[in-house]
Amino acid sequence: MAENRHDTDNPPTDGTAGPAEPGAAPRRSTVRSLLRLWPYARAVRGRLAVSVTAASLGMLSTLAVPVILGRIVDGPLATRDLAALWPLVGLLLLVGLLEAGLFYTRRVVLARPLAGLETAMRGDLFAKLQRLPVSFHDRWGSGQLLSRATADMYTMRLFLAFPLVFLIVNSVMFLAGTAVMFTQDWRLALIALVPVVPLFVLTRRFEHGYSGASRRAQDQNGDLATVVEESVLGIRILKAFGRHRSMAERFRAQSHELRRTELHKAHLLANLWAVIVGLPEIVLACALAVGAYLVAHDELSAGSLVAFLSTALALRWPVESLGWLLAYANEAATATDRFFEVLDEPDSPDPGTATGLAAPDGIRFTGVRFRYPDAPADSPDLLSGIDLHVRSGETMALVGATGSGKTTLTALLPRLYEATAGTITLDGRDIRDLPRERLRETVAVAFEEPTLFSATVRENVLMGAPGASDEQLRAALATAQADFVAKLPEGPDTEVGEQGLSLSGGQRQRLALARAVVGDPAFLVLDDPLSALDVHTEALVERALREVLGATTALVVAHRPSTVLLADRVAVLADGRIEAVGTHQELLRDCPHYRELMSGEAALAPEGSAAP
């Protein structure tokens with residue numbers, strides 16, 4: 001929406017995150033990042049505890065299998081007593097059924113509450129995005145926000161459902177299994193514990209490298225989503241200018257960058273997995289050799305060796321899954337950081353408590369200055385000392401060269417941006433004293449580039465006044481000369497599609513104008529609202545608008561003489577200041593800059609053609 005600002009909206013084409021992306025922010029430790037999920041997880045802590053307990057009991061039940069196998073080898077098999085074998089076989093079957101039931105319980109108790117938790121987190125993120133100022137959205141790519149609201153949410157939910165549970169369960173399983181092995185033979189148990197120290201060192205190094213790669217991959221996914229979104233929304237432009245190949249090349253370059261990052265992650269995980277799987281196998285072979293030696297010298301029974309090896313094999317999953325669980329924990333920690341980067345953004349202060357306006361005084365700008373928050377420190381203010389008074393009930397046109405700051409000035413009225421200095425009042429009330437919600441009910445805006453949502457015509461127009469009646473809707477559509485609505489398949493209840501691309505530019509602009517006037521606003525801001533209309537429709541809209549403008553206080557950004565003629569007076573904006581104010585004819589006579597802006601057509605306008 002801004003004019004004459006340096007561009008921060010276009011993402012870079014080298015596959016890296018843009019200046020607003022938070023990838024440069026220092027990473028917390030994995031544990032500290034994941035602990036930030038606790039306020040959300042607290043709501044499901046009871047079911048989480050049941051899930052962990054059920055999974056722990058299910059895993060621990062598998063440790064009974066080696067003990068039973070040892071009894072079978074040293075008992076019924078050694079004595080060839082088949083009658084004693086069947087109770088032990090039945091016990092094995094019972095243990096298997098118990099394990100299956102416990103793991104079923106683990107999944108069932110968490111599925112619904114975690115889906116609700118994800119919904120709550122997504123709702124909080126969306127609500128936060130609605131509260132954050134426009135300047136925040138200027139800096140962030142839409143794909144980055146989209147990936148946080150979708151892929152990152154799924155990653156966090158899946159972590160709570162599975163990796164978190166099994167990080168706890170596998171730790172319990174490992175400690176319990178180690179204790180069982182020591183009861184079976186302490187010498188073999190010590191051999192089995194040899195890999196613990198090197199595995200601890202390796203996983204620490206892995207976590208450090210993998211967390212950075214995971215962050216890059218998720219940020220690059222966001223950049224890629226931005227490219228896809230821009231390509232879909234701008235498909236007409238790409239096709240019209242034959243730029244689909246260059247956009248495809250841009251997509252391909254970022255895809256390859258993401259591929260390299262994912263392959264780097266896979267390489268790190270493969271190295272870890274090779275050690276995690278290989279080292280215990282080597283140690284297990286050593287334990288088997290030592291155990292066989294002890295059995296051969298009658299220092300250990302065959303059943304005890306079978307039980308020990310079975311216990312060691314039961315611990316393979318907790319050890320081998322360590323790499324995958326750590327990788328997913330890092331993915332979840334990165335997703336958590338990205339989620340809270342948005343939630344941690346400070347909301348714009350809204351100290352306003354006033355409930356109404358003071359006395360009829362119109363719109364008054366006094367010493368208003370503005371610069372964009374991300375503007376270079378040595379750049380001049382875009383607006384530098386604006387003094388302007390739009391009288392109550394008056395329509396004032398605002399003209400100026402492209403990039404002079406007209407749109408930015410109008411965006412200050414509903415506080416889409418906050419003035420850097422100075423005051424703006426509506427009927428004597430400082431707009432900062434009004435709550436934003438109240439202010440935006442008072443000031444209606446129609447932007448030059450109309451935005452429509454994937455909703456019906458009725459829903460799009462009534463965004464300007466949710467409580468408006470059908471009669472007000474019809475009146476607003478009539479004012480905007482939106483008679484085409486009646487010819488749509490379902491009239492005002494017709495879906496207009498994403499961005500309203502099923503409509504022409506002029507139709508979208510007329511619906512945006514209808515949205516601005518539907519609530520009979522006390523103050524109206526129109527940013528060149530007729531630029532996409534043909535001459536005939538423009539004349540009809542202007543005629544209808546005169547009646548609306550006669551009952552409100554309006555500031556209209558104008559580029560064409562026909563729009564200027566709607567106004568009572570005209571203000572000329574140049575070099576960040578109001579250069580001149582007067583009627584159309586006065587400025588044509590006394591202001592060379594205005595004559596230049598209006599071109600020869602305006603200079604030839606007949607005397608008395610200005611609006612009264």
Side-chain angles (χ1 to χ4, degrees), residues 29-31 34 52 55-56 58-67 69-70 159 162-214 264-296 299-300 302-333:
S29 71
T30 299
V31 174
L34 293 174
V52 169
S56 297
M59 292 286 282
L60 291 175
S61 67
T62 62
L63 294 178
V65 174
V67 176
L69 288 176
F159 170 75
F162 192 84
L164 173 62
V165 171
F166 279 94
L167 279 170
I168 299 172
V169 169
N170 288 359
S171 299
V172 172
M173 176 71 171
F174 182 80
L175 293 175
T178 301
V180 170
M181 287 192 299
F182 269 100
T183 64
Q184 292 164 340
D185 191 276
W186 65 270
R187 294 163 294 186
L188 298 181
L190 287 177
I191 294 174
L193 291 179
V194 167
V196 170
V197 173
L199 285 179
F200 176 78
V201 174
L202 179 63
T203 53
R204 291 291 294 176
R205 291 185 60 186
F206 167 80
E207 180 184 358
H208 177 73
Y210 195 85
S211 62
S214 175
H264 177 58
K265 286 169 56 182
H267 179 71
L268 292 173
L269 189 55
N271 288 340
L272 177 67
W273 209 297
V275 177
I276 284 179
V277 173
L279 191 57
E281 294 291 341
I282 295 172
V283 171
L284 186 61
C286 295
L288 175 60
V290 173
Y293 175 85
L294 294 175
V295 171
E299 296 182 32
L300 186 69
S304 296
L305 178 59
V306 169
F308 177 86
L309 293 175
S310 298
T311 303
L313 289 173
L315 294 181
R316 284 179 62 181
W317 160 248
V319 174
E320 290 179 2
S321 66
L322 180 63
W324 178 79
L325 292 174
L326 286 177
Y328 209 95
N330 275 279
E331 299 271 4

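All residue numbers in this chain count up from 1 along the given sequence.
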**Item:** Inter-residue atom distance Leu188.CG - Leu288.CG, 0.5 Å rounding
**Value:** 9.5 Å
**Asked** Is any side-chain heavy atom of Val319 less than 4.5 Å from a side-chain heavy atom of Leu199?
**Response** yes
**Prompt:** Does Ala266 have any side-chain contact (heavy atoms from CB on, under 4.5 Å) partners at least two apart in sequence or in another chain, and if so, which?
**Reply:** none
**Prompt:** Run the side-chain contact (heavy atoms from CB on, under 4.5 Å) check on Leu34 and Leu164 step by step: do they pass?
**Reply:** CA-CA 10 Å; Leu34 293 174; Leu164 173 62; over 6 Å; no
**Message:** So which atom in Tyr328 and which in Pro163 form the shortest heavy-atom distance, rounded to 0.1 Å?
**Reply:** CD2-CG, 3.6 Å
**Asked** Under the salt bridge (charged side-chain N to carboxylate O under 4.0 Å, His left out) rule, what pairs show up with a residue in residues 172-196, not counting sequence neighbours?
**Response** Asp185-Arg187, Arg187-Glu299
**Complete:** Residue pairs passing the side chain to side chain donor-acceptor pair (under 3.5 Å) test with at least one member in residues 169-183, sequence neighbours excluded, are Asn170-Ser321
**Message:** Tell me every residue that passes ring-ring contact (aromatic ring centres under 6.0 Å, His included) with Tyr293, counting only those two or more places apart in sequence or in another chain.
**Reply:** His297
**Request:** Taking all non-hydrogen atoms of both residues into account, name the closest pair between Gln184 and Phe308 and its distance.
**Result:** OE1-CA, 3.2 Å
**Request:** List the atom of Leu284, the atom of Ala312, and the distance in Å for their closest heavy-atom pair.
**Result:** CD1-CB, 3.6 Å
**Prompt:** What heavy-atom pair brings Ala192 and Pro195 nearest, and what distance separates the two atoms?
**Reply:** O-CD, 3.1 Å
**Fill in**
d(Lys265 NZ, Ser211 OG) to nearest 0.5 Å is 11.5 Å
**Request:** Would you list the pairs meeting salt bridge (charged side-chain N to carboxylate O under 4.0 Å, His left out) in which at least one residue belongs to residues 163-183, sequence neighbours left out?
**Result:** none
**Message:** Would you compute the distance between atom CG of Leu268 and atom CG of Leu272 and round it to the nearest 0.5 angstrom?
**Reply:** 9.0 Å
**Fill in**
In this structure, CZ of Phe166 is separated from CH2 of Trp317 (nearest 0.5 Å) by 7.0 Å
**Message:** Measuring from atom CD1 of Ile276 to atom CG of Leu326, what distance do you get when rounded to the nearest 0.5 angstrom?
**Reply:** 7.0 Å
**Complete:** Nearest heavy-atom contact between Gly177 and Thr311 is O-CG2, 3.8 Å
**Asked** Where is the tightest heavy-atom contact between Asn330 and Ser214, given as atom of each residue plus distance?
**Response** O-OG, 4.0 Å
**Request:** Only counting residues at least two apart or in another chain, list the ones meeting ring-ring contact (aromatic ring centres under 6.0 Å, His included) with Phe206.
**Result:** Tyr210
**Prompt:** Once you round to the nearest 0.5 Å, how far does CG of Leu300 lie from CG of Leu305?
**Reply:** 6.0 Å
